[in-house]
Engineer: 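This is the structure I want to talk about, given as structure tokens.
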Amino acid sequence: MQSISATPVLEYTAQIAAATAPIFERVKHVIPQVEWPVHAPYIAEIERLKKERNAVVLAHNYQTPEIFHGVADLSGDSLALARLAAETDADVIVLCGVHFMAETAKILNPGKTVLIPDLKAGCSLAESITGADVRLLRQRYPGVPVVTYVNTSAEVKAECDICCTSANAVEVVESLGAERVIFLPDEYLGQYVATQTDVELILWQGHCEVHERFTAAEIRSYRSGHQDVVVLAHPECPQDVLAEADYVGSTSGMIGYVGDHKPSRVVMITECSMSDNVAVEHPDVEFVRPCNLCPHMKRITLPKILHSLQTMTHAVEVAPQVAERARRSVERMLEVGRGVGR
Ligand code: 13P
Ligand code: SF4
């Protein structure tokens, strides 16, 4: 392993305060001042190590603001992270998100080191299905193409025809030119896609443990007393919740909506940190903040990112035979976005 210079004691010095002051200026209305002396030394040290390692930090939209605005070089929804991972020149990718996102980055960059700061950062959707389940479905529905959400293991991606994310699911399903498609594993995303296309979908009963907790009554309660509130919802929510929303889209779709429409008051029916991260860019928008935390995303912290860069752990590996087949599914998805399709 490449040797790395010794880590200084993490103290909040005047030098670190000055170096991180521009970041704090941006995030000060979502991160209390009292917390900054804790975050700032980690941010400064992570920045130093990123340069030594030629590393890039990719962060999902659900990462906490001190990560998202403090150390991320690139950020976005699952689709953007896959695209960015495919394009980076860095030697090391630190994926601040959940395991399937790091695996996707590794599948697209077999020659690079891809690190995840906490190996236990999983996903209830990814855990709902195995490669053996997909093989059984293929036996049951011979000839029917299989689309799998990227929120799955590499083993599942290897068994499918093409991947999709919440941002491109309808486009991917329609790109196949089939009358019937097996759509895995998110039942609610599948139900939403079915409302947007004539393609018949065969669904699996996987759910996101964060989005399935929202209820339609809860959404109505945010509207009562705030007639002007705009409700943006992620398609991993149940159908009756989506029926109450003004807009349904991926995490980046929701961010785009706020930027384009600049609503005076908005509620994002998704993971907690989204509103904090978007509020940094839109101080004039009032965010009503319902809070459903993703416990997996929240496993990633600044100390763990630093440890990851210091020790080059945890390196994500995918068996070459699995990676090769999974890469075909991910690359085919990326081609649909470029208009190559079929
Ligand atoms: P996005 O691709 O919309 O960011 O969704 C990923 C995810 O895990 C949502 O729960
Ligand atoms: Fe998985 Fe849901 Fe967490 Fe997204 S929010 S990573 S879908 S458990």
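Just follow the structure's listing: the first ligand is 1, and inside any ligand the first atom is 1. Residue numbers count from 1 along this sequence.
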Engineer: Please confirm whether the backbone N or O of Pro263 pairs with a side-chain atom of His261, one donor and one acceptor, at under 3.5 Å?
Structural biologist: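 The answer is no, because no donor-acceptor pair under 3.5 Å joins these two groups.
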
Engineer: Please list, in number order, the atoms of ligand 1 under 4.0 Å from a heavy atom of Ser78.
Structural biologist: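 Those of ligand 1 that fall under 4.0 Å from Ser78 are 1 (P), 2 (O), 4 (O), 5 (O), 6 (C).
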
Engineer: I need the Ile255 CD1 to Met268 CE distance, nearest 0.5 Å.
Structural biologist: 6.5 Å

Engineer: Within this structure, what is the CD-OG1 distance for the pair Glu171 and Thr165, rounded to the nearest 0.5 Å?
Structural biologist: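 Going from CD on Glu171 over to OG1 on Thr165, the span is 9.5 Å.
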
Engineer: For His211, take its heavy atoms, then give the atoms of ligand 1 lying under 4.0 Å from any of them.
Structural biologist: 10 (O)

Engineer: Which ligand 2 atoms does Glu236 reach within 4.0 Å, using its non-hydrogen atoms?
Structural biologist: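 Selected atoms, number and element: 2 (Fe), 7 (S).
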
Engineer: Taking atom 6 (S) of ligand 2 as the point of reference, which of Val98, Asp186, Leu125 owns the nearest heavy atom?
Structural biologist: Val98

Engineer: May I ask you to decide if Val71's main-chain N or O and Lys50's side chain share a donor-acceptor pair within less than 3.5 Å?
Structural biologist: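 Yes, the answer is positive, given that a donor and an acceptor are paired below the 3.5 Å cut-off.
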
Engineer: Which atoms of ligand 1 sit under 4.0 Å from any heavy atom of Ser166?
Structural biologist: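 Near Ser166, meaning under 4.0 Å from one of its heavy atoms, ligand 1 has 1 (P), 2 (O), 3 (O).
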
Engineer: For residues His207 and Tyr188, establish whether the separation of their ring centroids is below 6.0 Å.
Structural biologist: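 Yes; Tyr188 has its ring centre under 6.0 Å from that of His207.
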
Engineer: Going by the atom numbers of ligand 1, which of them fall below 4.0 Å from some non-hydrogen atom of Glu236?
Structural biologist: 7 (C), 9 (C), 10 (O)

Engineer: Quick one: look up the protein heavy atom nearest atom 2 (Fe) of ligand 2 and list residue, atom name and how far away it is.
Structural biologist: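 Result: Cys208 SG, 2.3 Å.
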
Engineer: Which residue holds the protein heavy atom closest to atom 4 (Fe) of ligand 2, what is that atom called, and what is the gap in Å?
Structural biologist: Tyr62 CE1, 4.0 Å

Engineer: Can you list the ligand 1 atoms lying under 4.0 Å from a non-hydrogen atom of Asp77?
Structural biologist: 1 (P), 2 (O), 4 (O)

Engineer: Identify which one of Asp77, Thr251, Asn277 satisfies the side chain to side chain donor-acceptor pair (under 3.5 Å) criterion when paired with Asn61.
Structural biologist: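 Answer to the side chain to side chain donor-acceptor pair (under 3.5 Å) test with Asn61 among Asp77, Thr251, Asn277: Thr251.
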
Engineer: What part of Glu271 sits under 4.0 Å from ligand 2 if we count only heavy atoms: the side chain, the backbone, both or neither?
Structural biologist: neither

Engineer: What atoms in ligand 1 come closer than 4.0 Å to a heavy atom of Ser250?
Structural biologist: 3 (O)

Engineer: Enumerate the atoms of ligand 1 whose separation from the nearest heavy atom of Asn151 is less than 4.0 angstrom.
Structural biologist: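 In order of numbering, the contacting atoms are 7 (C), 8 (O).
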
Engineer: For ligand 1 and Thr165, I'd like to know whether there is a polar contact (N/O to N/O, distance under 3.5 Å).
Structural biologist: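 Among all N and O atoms of Thr165, none is under 3.5 Å from an N or O of ligand 1.
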
Engineer: Only heavy atoms of Ser124, strictly under 4.0 Å: list the atoms of ligand 2 that pass.
Structural biologist: 8 (S)

Engineer: Would you mind listing which atoms of ligand 2 come within a distance below 4.0 Å of any non-hydrogen atom of Cys123?
Structural biologist: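 So the atoms of ligand 2 that pass are 1 (Fe), 6 (S), 7 (S).
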
Engineer: Can you find an N or O of His60 that's nearer than 3.5 Å to an N or O of ligand 1?
Structural biologist: yes

Engineer: For the atom pair OG1 (Thr20) and CD (Glu66), what is the distance rounded to the nearest 0.5 Å?
Structural biologist: 13.0 Å

Engineer: Within a distance under 4.0 Å of any heavy atom of His234, pick out the atoms of ligand 1 and give their elements.
Structural biologist: 1 (P), 3 (O), 5 (O), 9 (C)

Engineer: Once rounded to the nearest 0.5 Å, what's the spacing between atom CH2 of Trp204 and atom OG1 of Thr148?
Structural biologist: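 Taking CH2 in Trp204 and OG1 in Thr148, the distance rounds to 11.0 Å.
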
Engineer: Can Glu11 and Thr13 be counted as having a side-chain donor-acceptor contact under 3.5 angstrom?
Structural biologist: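 Their side chains do not contain a donor-acceptor pair, so the 3.5 Å distance test is not met.
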
Engineer: To the closest 0.5 Å, what do you measure between CG (Asp228) and OG (Ser264)?
Structural biologist: 4.5 Å

Engineer: Does the pair Glu324/Arg327 count as a salt bridge with the N-to-O cut at 4.0 Å?
Structural biologist: no

Engineer: Give the residue, atom name and distance (to 0.1 Å) of the protein heavy atom nearest atom 3 (Fe) of ligand 2.
Structural biologist: Cys294 SG, 2.4 Å

Engineer: Determine, considering heavy atoms only, which of Asn292, Asn151, Val150, Val210 sits nearest to atom 7 (S) of ligand 2.
Structural biologist: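 Among Asn292, Asn151, Val150, Val210, the closest heavy atom to atom 7 (S) of ligand 2 belongs to Asn151.
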
Engineer: Return yes if some donor-acceptor pair links the side-chain N/O of Ser329 with the main-chain N/O of Lys157 below 3.5 Å, else return no.
Structural biologist: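 Here the side-chain-to-backbone pair exists.
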
Engineer: Which is it for Glu271 and ligand 1 at heavy atoms under 4.0 Å: side chain, backbone, both or neither?
Structural biologist: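 Under 4.0 Å from ligand 1, Glu271 contributes no heavy atoms.
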
